[in-house]
Number of protein chains: 2
Amino acid sequence: MRGVTIRDVAARAGVSPATASRVLSGNPATSALSRERVEQAVAELGFRPNAQARSLRSTRTSTIGLLISDVRNPFFADLAHAAEQQALELGLITLLANANESVEQQNRYLDVLLAQRVDGLILVPQGGDNANVEMLASSGLPAVFVDRVIDGIDLPSVTADNSSGMGEAVQHLAELAHRRIGYISGPRSASTGRERFAAFQAATLACGLEQDPELVVFGDFQAGSGAAGARQLLELSNAPTALIAADGLMTMGAVRICQELGIRIGEDLSLVGYDDIDAFAIMRPALTLIAQDADEMGRTAVRLLHQVIAGEEPEPVVLPTRLMVRKSTGPVKTGVNR
Amino acid sequence: MRGVTIRDVAARAGVSPATASRVLSGNPATSALSRERVEQAVAELGFRPNAQARSLRSTRTSTIGLLISDVRNPFFADLAHAAEQQALELGLITLLANANESVEQQNRYLDVLLAQRVDGLILVPQGGDNANVEMLASSGLPAVFVDRVIDGIDLPSVTADNSSGMGEAVQHLAELAHRRIGYISGPRSASTGRERFAAFQAATLACGLEQDPELVVFGDFQAGSGAAGARQLLELSNAPTALIAADGLMTMGAVRICQELGIRIGEDLSLVGYDDIDAFAIMRPALTLIAQDADEMGRTAVRLLHQVIAGEEPEPVVLPTRLMVRKSTGPVKTGVNR
DNA sequence: CAAATTGGTGGAATCGATTCCATGAAATCG
DNA sequence: CGATTTCATGGAATCGATTCCACCAATTTG
């Protein structure tokens, strides 16, 4: 069954490999007769073109790579799903790779995807060692950044406005009379980590809130660090009355810790999460959060990449973020010390 | 930068392409001198071997395909993550593809992955049109089923014991005096859907519970169908006092509906979920659920595939499932009609 | 010291599909 | 009706790395 080549097909159809190839690639310069005979031979032999051989010659693979930072993060799962569907519509196949929030693994997959000669690459860059990403950018392979960018590397990008949603969140908490807001930040190595933190600082300053460095802890966008950060903040002698976490997984970690410590979210503590993850809607209390549109981000990334492949130079796209107020935030409790 | 071939490297190093190739593939029949010169040339030119050309000749790609049914289902996200890490340890690169619970899309990706000449394939088969899967099985390409199987197609598999956890769950509910248990089933097209349903029926029979066909609704393993199913069951004139959902996403849908209908989970209604998803642990009340080890399943699938690639014929592996009792199940309320 | 082994090397064939180029037949035109 | 264009086709080169085979030099062995 395996090892059926186009030569076998051609022989069976009584034509040359050249003609068989033309039929298979939809080249119009083929007669109805040979088209029919080749198609029948293909069916009879169960022929499957070897993509390697094909793209070796034609230098196109109709395949794009999507290198995300964490499959287990629902935000990226959604993004990947939307991107893949959009790619399918454009006739592109998506090979998904998971950097697992590790630069080393990112670089490894970068190598693999380049070696696979994908037609283009969508990348959620990890911070740290950028050598491979720089190589990618200068290689001329169509590529776009999604969600995060790397300063100094000029590639088209789709990102979210990391500032406006955060500003709304801080203002919302300020209006509820919170003065000390704890912040569980993403890593400084990620642009999203830096931008959200900067937005947090700017907003607390603008609202005249306390700017105590003790109120900020740095995590790595994974649940464990969110938990550790929340614990550290909540065990402060002068603990914050509200908490903002900078991504979905760290939010989950923070929630877990609140429960362990017996802190009632929405009453004893106001919590603002990040990312509009399904689970956050059905939690009780439902989580107030900063939402970004993962689906739109995924789709846009593919469209941008498609443009780059077509030789265009698309402008960077910045999608909005917004605060969704639900039940995990409330007025600060005055006089009651927990 | 692009288009550097091994010929360029060889020329720069002053050796033949054959020697350059040997150095690059770690063939011991190379002198220290040429090894050094080739490596330097590679570095200077930024040479990247073309995987297509390589595997065209050597028929190995060191790449495996992992075709899951839904990236957005945390169970499969966990499974994919674990599989990928295990593959990396064995020196294999995982290309992840997402069937999106659709046979058509599964078949499309099956074509692509075969054309990419992956060394092996791990597949969560969709039900329905099996033609492509049969083709796969008879093609001789190393392949294993994970999570689900297709009857009549003899491939090594890693599945969960869909029976024991379900049995425990029904018994647990029976002990809490529930007599009418609603069941939100997976599709009959999936082996897991069928097996869990069969286990549910067997267990209700064994425990002497009601076997009303009205108590069973069929979903498609996605959140929407879980919601629709839960609504249908809970709006029954003679509604069940307990609900079991057959996968994680349908469980989430069911929870959402309970909240919409104002039904207090764990008090008005007992709910047993499926899959040990992080979110289920931090929900209030924490969900009682049937847990399977997604990580172990992913790792085992890769190990099995590795064995198949090595020419062995591994036995099917069945992993245990177990009931984790938390707070969403409680004694049936007698006398109180909601 | 001749013969056999070992080790490194280069030339050339190879993997399978695509595509350039030349060719011959049919169709169109002046 | 001869000349030109169109069209389908086959032969052969090609993509880039691997690997078989032959070769030569250096070493070891009888």
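Letters A, B, ... mirror the listed sequences (proteins, then strands); counts begin at 1.
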Residues B:Asp220 and B:Arg188 bridged, charged N to O under 4.0 Å: no
Heavy-atom protein contacts under 4.0 Å, nucleotides 4-17 of chain C, coded B base, S sugar-phosphate only, - none: ----SBBB-BBBBB
Non-hydrogen atoms of A:Ala99 and A:Leu67 that approach each other most closely: N-CD1, 3.9 Å
B:Ala143 to B:Leu136 - nearest heavy-atom pair and separation: CB-CD2, 4.1 Å
Pair B:Glu84 + A:Arg72, salt bridge at N-O below 4.0 Å: no
Distance-only donor-acceptor check, side chains B:Arg35 and B:Thr30, under 3.5 Å: yes
Donor + acceptor pair across side chains of A:Glu89, A:Gln85 (<3.5 Å): no
Distances for protein N or O near nucleotides 23-25 of chain D N or O, under 3.5 Å:
none

Heavy-atom closest pair, residues B:Asp70 and B:Phe76: O-CB, 3.4 Å
Integer-rounded Å distance: C:dC20 C1' and A:Asn27 CG: 12 Å
Intermediate values then yes/no, side-chain hydrogen bond (donor to acceptor under 3.5 Å, both in side chains), A:Ser31 and A:Ser34: CA-CA 6 Å; A:Ser31 68; A:Ser34 40; 2.7 Å; yes
